[in-house]
Amino acid sequence: MAAEKLRDLSQPIDVALLDATVAAFYGTGSKEERAAADHILRDLQNNPEMWLQVVHILSNTQSLNTKFFALQVLEGVIKYRYGMKNYISEVIVKLSSDEICFRRERLYVNKLNIILVQILKHEWPARWRSFIPDLVAAAKTSETICENCMAILKLLSEEVFDFSRGEMTQQKIKELKQSLNSEFQLIHELCLYVLSASQRAELIRATLATLHAFLSWIPLGYIFESPLLETLLKFFPVPAYRNLTLQCLTEIAALSFGDFYNMQYVKMYTIFMVQLQAIVPPTTNFLEAYANGNSEEQAFIQNLALFFTSFFKSHIRVLESSQENISALLLGLEYLINISYVDDTEVFKVCLDYWNSLVLELFEAHHNLENPAATANMMGLQMPVLPGMVDRLGSQIMQRRQLYAGPMSKLRLLMICRMAKPEEVLIVEDENGNIVRETMKDNDVLVQYKIMRETLIYLAHLDHEDTEKQMLKKLSKQLSGEDWTWNNLNTLCWAIGSISGSMVEEQENRFLVMVIRDLLNLCEITKGKDNKAVIASNIMYVVGQYPRFLRAHWKFLKTVVNKLFEFMHETHPGVQDMACDTFLKIVQKCKRKFVIVQVGENEPFVSELLTTLPATIADLEPHQIHSFYESVSHMIQAESDPLKRDEYLQRLMELPNQKWAEIIGQARQSVDFLKDQDVIRAVLNILQTNTSVASSLGTYFLPQISLIFLDMLNIYRMYSELISTSIAQGGPYASRTSIVKLLRSVKRETLKLIETFLDKAEDQPHIGKQFVPPMMDPVLGDYARNLPDARESEVLSLFATIMNKYKATMIEDVPRIFEAVFQCTLEMITKNFEDYPEHRLKFFSLLRAIATHCFPALIHLSSEVCIMHRSNWHWQVVCE
C-alpha cells in the first residue's frame, strides 16, 4: 500500500513516507526490507515525472539522504529538462547565507553546486547571460555566500577546461571558454577584493583554490598587469595559505608566452627565493623533513618540487642573464637537488623528469660544439652561421657548462645514491630485511632505471673525471665501513654498471680494474652469507656490463668466469640464477676468447671448462644447467675448426648422452621402464638440455641430434600412445592428471628440439631430407591417429617451420602433410570460435607457409581435399 502511494505522482509525494523508505534502504533492517526499499526508489528514479517532485521534496524533508536522492533524480534529467536554475540558485543562497547552516549542510550544498554547474553547461550563456554578474553580485552580500560562489566558479572552470571532453560538443566548449574569458574581469576583481579585504581563512583558501583552477588559461595581463602576483607572494609566507599559494605560483611558473614578461618572472622568482629561505633554509635535510612531516608539510615539499621544475623548464634561460640572478638560480637548483633525496616515488619522478631534460640539453650543446649549424639551431638562431659566430657560440656553451658544473656534480652523487634496480639483478631485500630471489619484475622501477641510466650517461659525458671520482670515493667508504649498507652498495654498483661505454677505453679500463678489485676485497673481508650474496650480485652485474673490457683483458675475464663458477655453488636464493645469467651474457659478448689458446695457457678455456664441467654444475638446478649448456654451446659455436668443434660438442654432451644411453638400454629390456615418472622427468631434462645446445649451435648440432633422433621418435610414439589410452579411458579430465601432463611435456619438448634445430640450422636441403621422412609416421601419423585432446599444436608449428625453411624442396611431401593434419584439425576448430586456440593459430601458419612456398602442390591435391581447402579459407575469412 505504501509503495503504491509513493508511486502515484499525480499528487505531491508523501515526503514522510519517502523519508522512511530512504531510511529503510540505508538502515540496518532485514535484507528483504532493504531490497523492497531499493525496488521502490529505483522505480521512482526511472519515472519521467519524478523530477517535478524535487522542489517539493527538498522544501519539506530534513533527511540528508532524501535530499541526495532528490538531487540524483534531478541530475538525471538536467540534460533534457529546464527551469530548475532559479530554484536551485535560491536554495544555494539560502543555505550559504548562514554560516552555521552552511557548515552543517556542506555536503548537501556541494551536491547542489554540482547540479547548478550541470545546468550551466546547458543554459549558459544563451539562456542565462547574467550568470557571472549575478554570481559576483551575490558574492559581495556575504562572506559565506562568497566562499560558496568561489567553489561554484572552481567547479565551472574544471568542467569547462578539464572534464568537458566527451560530454559537450567542441562548439559548446569553445562557447563556454569564450564566455568565461570575456567575463573574467569581474571574477578577477572579486578575487583581488577578497584577498585584499577579507580576514576569513576559509574564504581566502576558497579564493586561492579558485584562482588555481583559472590561472592556467586566463590572459597573462590579469596576472602581470595587476596586483595579483604581488598579492599571491604576500600570502606565500603565511602557513595556512602556503600550499594553495604555491600551487598558484606553480601554474604561473609553467606559463610561457615569449619574452614579454621576462622581467616580471625574474622579480617573482627573486622575491619567492627570499621568502623561501625564511621558511625553509637551504641546508634543510628534506629527506628527514618529509619522513617526519605531517601531510601539509609533505604536500609543501612536493609542491616546491613542482614549482622549481615548472619554473626552470620555462624560464631558466632568463635567470642565466646576470650574476645576481645566477646566484638565485643556483640556490634554487640546490633546493631541488635536496628535495630529490626525498623517499617518495611521485616527488622523485617530478625531479627526475626535469633533471633528465636539463642534462640532455647540456649534453647536446656540448656534443654539437663541433657542428656550428646544429649549435646555432639549438641556441634558437635561425640564420646563416658567419665566421666569428662559431667561436662566440662555443664560448657561450662552455660558459653555460661551467655555470652548471657545481649542480651537475651534486646531481651525479644523487643519481648514484638513488639508482634504480636494473632488470639483470635478481637478488632483492624483502619487507622483512632478508635477501631473497626476486619473483616479479617491477615495470615502474625498470622505466625509472632507464631514465636514470640515460641521465647518468649524459652526466658522465659532461665530466668523466668527476663521475669516476664520485664513484670511487663512495666505493672506498664501503670498504672502510663508513657508508656500508646493502642499499648503498647496490645503488653504487647499479650506477657503475649503467655508464658502461661512456668513457674512453683507457679510462674505462683503469676505472673498472679499481672497482672490481675493491669489490673482490669487500667480498673477502665481509662476514655473513646475506652480505656476501649482495656483494656477489653486484660483482656479477658490474662485470656483465663491461664486455669491451673483458674482451681486452683475458686474465681478468678468466678470473671473472671462475668467480662465477664459485657463485654457482652458492645456494643463497638468486645467486646461482644470476651467476648463470651473467655467464651467458659474458659468453655471448666474448665467445671467441674462450676457444683460442691464450698467452700463458696450454689449452683453450673451453677445453679446460669441459674437463671440470661435472663438478661445476654439481649444485645447479635443471633450469640453471640448461642455461649453462647454452653458454658453453655459444663458445663451441665460435670454434672454426670442425674437428675440434665436434670434439667439444661430444665432450659437452657426455653426461646427458650417458644418461640417455642408460635409459634406452633399460627400455630395450623392458618398455615399462619408460613409464616411471622419474624416468619421464629424466627424459624431459635431457631433451631440454639438447634444446638449449641446439639454440646456440644451429647447424653444428647435427652430430648430436643424429645420435638421439630415432630413439627420441620411438619414445615420442610410445608416450603418445600412453596419452591417447589415458584420455580414451579417463575422458577430458585425464588430460589434466600429472602423469599425462608430464608425458605431453616430453612430446612438446621433442617437437621443440627438432624445430629449434631445423630453424637455427643453415639452409641446407640435405638436412631437411634427412630428418623429415623419419618424422612422417611418428609425428604426422600420430597427430592424425590421436584423439583431438591429445594432439599437440606444436606439430603444426614444426611443419610450418620446415616449409618456411626448405621451401620448394618440400613440395613432394605436401600431400602427406595435408592428409595427416588438414581434415582432423579442421574438424577441431570449426565447431566454434573458442576451442583449441593454439591449434587454430598454428594451423593457419602452416597453410600460409604451404601456399607461399609450395603452391603448385595444392593444384595437384585430390578434388575432395581442394573442396575442403576452399571451404576452410572461406571459414577463415568468416572467422576474421
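A quick note: this is a predicted structure, and the numbers were derived from the prediction, not measured.
Counting only heavy atoms from C-beta outward, the side chains of I586 and L550 approach each other to under 4.5 Å. Taking the side chain as every heavy atom from C-beta outward, Y783 and L796 approach each other to under 4.5 Å. Side-chain contact between F757 and N690 is absent, with no heavy-atom pair separated by less than 4.5 Å. Put simply, the side chain of P614 reaches to within 4.5 Å of the side chain of L655, judged on heavy atoms. Annotation: side chain of R551 is in contact with side chain of P547 (closest heavy-atom distance under 4.5 Å). When side chains are defined from C-beta on, V693 does not count as touching Q704, because their heavy atoms never get closer than 4.5 Å. The shortest side-chain heavy-atom distance between T559 and K563 does not fall under the 4.5 Å cut-off. W494 places none of its side-chain heavy atoms less than 4.5 Å from the side chain of I416.
Remark: D577 CG to Q624 CD distance equals 4.5 Å, nearest 0.5 Å. Here the straight-line distance linking atom NZ of K474 with atom CG of L479 works out to 13.0 Å at 0.5 Å rounding. Interatomic distance, CG of L613 versus CE of M653, reported as 10.5 Å (0.5 Å rounding). Here the CG-CD distance, from L557 to Q598, works out to 8.0 Å after rounding to the nearest 0.5 Å. The line from CG of N538 to CD of Q478 is 9.0 Å long, rounded to the nearest 0.5 Å. The distance from the CE atom of M452 to the CG atom of L414 is 6.5 Å, given to the nearest 0.5 Å.
Listed here is the closest heavy atom pair of P774 and F709: CB-CE2, 3.9 Å. Considering every non-hydrogen atom in both V595 and E639, the closest pair reads O-OE1, 3.4 Å. The minimum heavy-atom distance between C854 and M810, with the atom names listed, is SG-C, 4.3 Å. The heavy-atom pair separating K760 from G698 by the smallest distance is CB-CA, 3.6 Å. Looking at every heavy atom in both residues, Q448 comes nearest to A420 through NE2-CB, 4.0 Å. Closest of all the heavy-atom pairs between P773 and G768 is CD-O, 3.8 Å.
Between the side chain of N488 and the main chain of W484, no donor-acceptor pair closer than 3.5 Å is present. Using a distance-only test at 3.5 Å, with no hydrogens or angles considered, a donor-acceptor pair links the side chain of K807 to the main chain of N804. Using a distance-only test at 3.5 Å, with no hydrogens or angles considered, a donor-acceptor pair links the side chain of Y719 to the main chain of L674. Proximity of a side-chain donor or acceptor of T582 to a complementary backbone N or O of A579 within less than 3.5 Å is not detected. Side-chain N or O atoms of Y648 include none that pairs as donor or acceptor with a backbone N or O of L643 at under 3.5 Å. A donor-acceptor pair under 3.5 Å links the side-chain atoms of R412 to the main chain of L459, judged by distance alone. Of the possible polar contacts, none joining the S502 side chain to the H461 backbone as a donor-acceptor pair under 3.5 Å is found. Put simply, the side chain of N685 never gets that close to the backbone of R681: no donor and acceptor are under 3.5 Å apart. Counting only distance, with no hydrogens or angles, the side chain of E601 and the backbone of E603 share no donor-acceptor pair below 3.5 Å. K532 places a side-chain N or O within 3.5 Å of a backbone atom of T526 that can act as its donor or acceptor partner.
In this structure, a donor-acceptor pair under 3.5 Å is absent between the side chains of S498 and Q545. Side-chain contact of E621 with Q576: a donor-acceptor pair under 3.5 Å is absent, judged by distance alone.
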Between F628 and L609, is a side-chain contact (heavy atoms from CB on, under 4.5 Å) present by the stated rule, with each step listed?
-> CA-CA 11 Å; F628 188 90; L609 181 156; 4.1 Å; yes

Would you please test I499 and M471 for side-chain contact (heavy atoms from CB on, under 4.5 Å) and show each step?
-> CA-CA 11 Å; I499 62 165; M471 288 179 169; 3.7 Å; yes

Salt bridge (Lys or Arg N to Asp or Glu O under 4.0 Å) evaluation trace for E465 with K469 = CA-CA 6 Å; E465 283 71 26; K469 178 182 160 190; over 6 Å; no

Check step by step if side-chain contact (heavy atoms from CB on, under 4.5 Å) holds for V632 and F594.
-> CA-CA 9 Å; V632 181; F594 298 104; over 6 Å; no

Determine, step by step, whether W486 and N531 satisfy the side chain to side chain donor-acceptor pair (under 3.5 Å) criterion, reporting the C-alpha distance in whole Å, the side-chain angles of both residues, the deciding distance to 0.1 Å, and the verdict.
-> CA-CA 7 Å; W486 292 343; N531 292 335; 2.6 Å; yes

Check against side-chain contact (heavy atoms from CB on, under 4.5 Å), S607 and R651 = CA-CA 9 Å; S607 181; R651 289 171 64 190; 3.0 Å; yes

Step by step, work out the salt bridge (Lys or Arg N to Asp or Glu O under 4.0 Å) result for D711 and R668.
-> CA-CA 11 Å; D711 287 332; R668 288 196 175 115; 3.3 Å; yes

For R645 and S640, run side chain to side chain donor-acceptor pair (under 3.5 Å): C-alpha distance rounded to whole Å, both residues' side-chain angles, the deciding distance at 0.1 Å, then the answer.
-> CA-CA 7 Å; R645 193 168 55 229; S640 54; over 6 Å; no

When you look at E454 and N356, which way does the side chain to side chain donor-acceptor pair (under 3.5 Å) test go after all the steps?
-> CA-CA 8 Å; E454 182 182 279; N356 181 256; 3.0 Å; yes

Could you go step by step and tell me if S500 and R548 meet the side chain to side chain donor-acceptor pair (under 3.5 Å) rule?
-> CA-CA 9 Å; S500 166; R548 180 173 70 175; over 6 Å; no

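Classification of the W554-F605 ring pair by plane angle, with boundaries at 30° and 60°, yields perpendicular. Using a 30° and 60° split on the angle between ring planes, F549 and H553 fall in the parallel class, below 30°.
At a threshold of 4.0 Å, the pair K805-E762 does not count as salt-bridged, since none of the basic side-chain nitrogens sits closer than that to a carboxylate oxygen. Look at E838 and K842 and you find a salt bridge, because one of the NZ, NE, NH1 or NH2 atoms lies within 4.0 Å of a carboxylate O, short of that distance. A salt bridge is absent between K752 and E755; no separation between the charged side-chain nitrogens and carboxylate oxygens falls under 4.0 Å.
When the shell of 6.0 Å around NZ of K585 is examined, it contains more than 12 heavy atoms from other residues, nucleotides or ligands. More than 12 heavy atoms of other residues, nucleotides or ligands shown are found within 6.0 angstrom of CD on Q658. Other residues, nucleotides and ligands contribute more than 12 heavy atoms inside 6.0 Å of the CG atom of D641.
Shown are I535, V575, V560; of these, the side-chain contact (heavy atoms from CB on, under 4.5 Å) with M540 is made only by V575. Partner M775 forms a side-chain contact (heavy atoms from CB on, under 4.5 Å) with one of I802, L751, D782, L780 and no other, that one being I802.
Figure legend: cation-pi geometry between K747 and Y716, with NZ or CZ positioned under 6.0 Å from the six-membered ring centre and within 45° of its axis.
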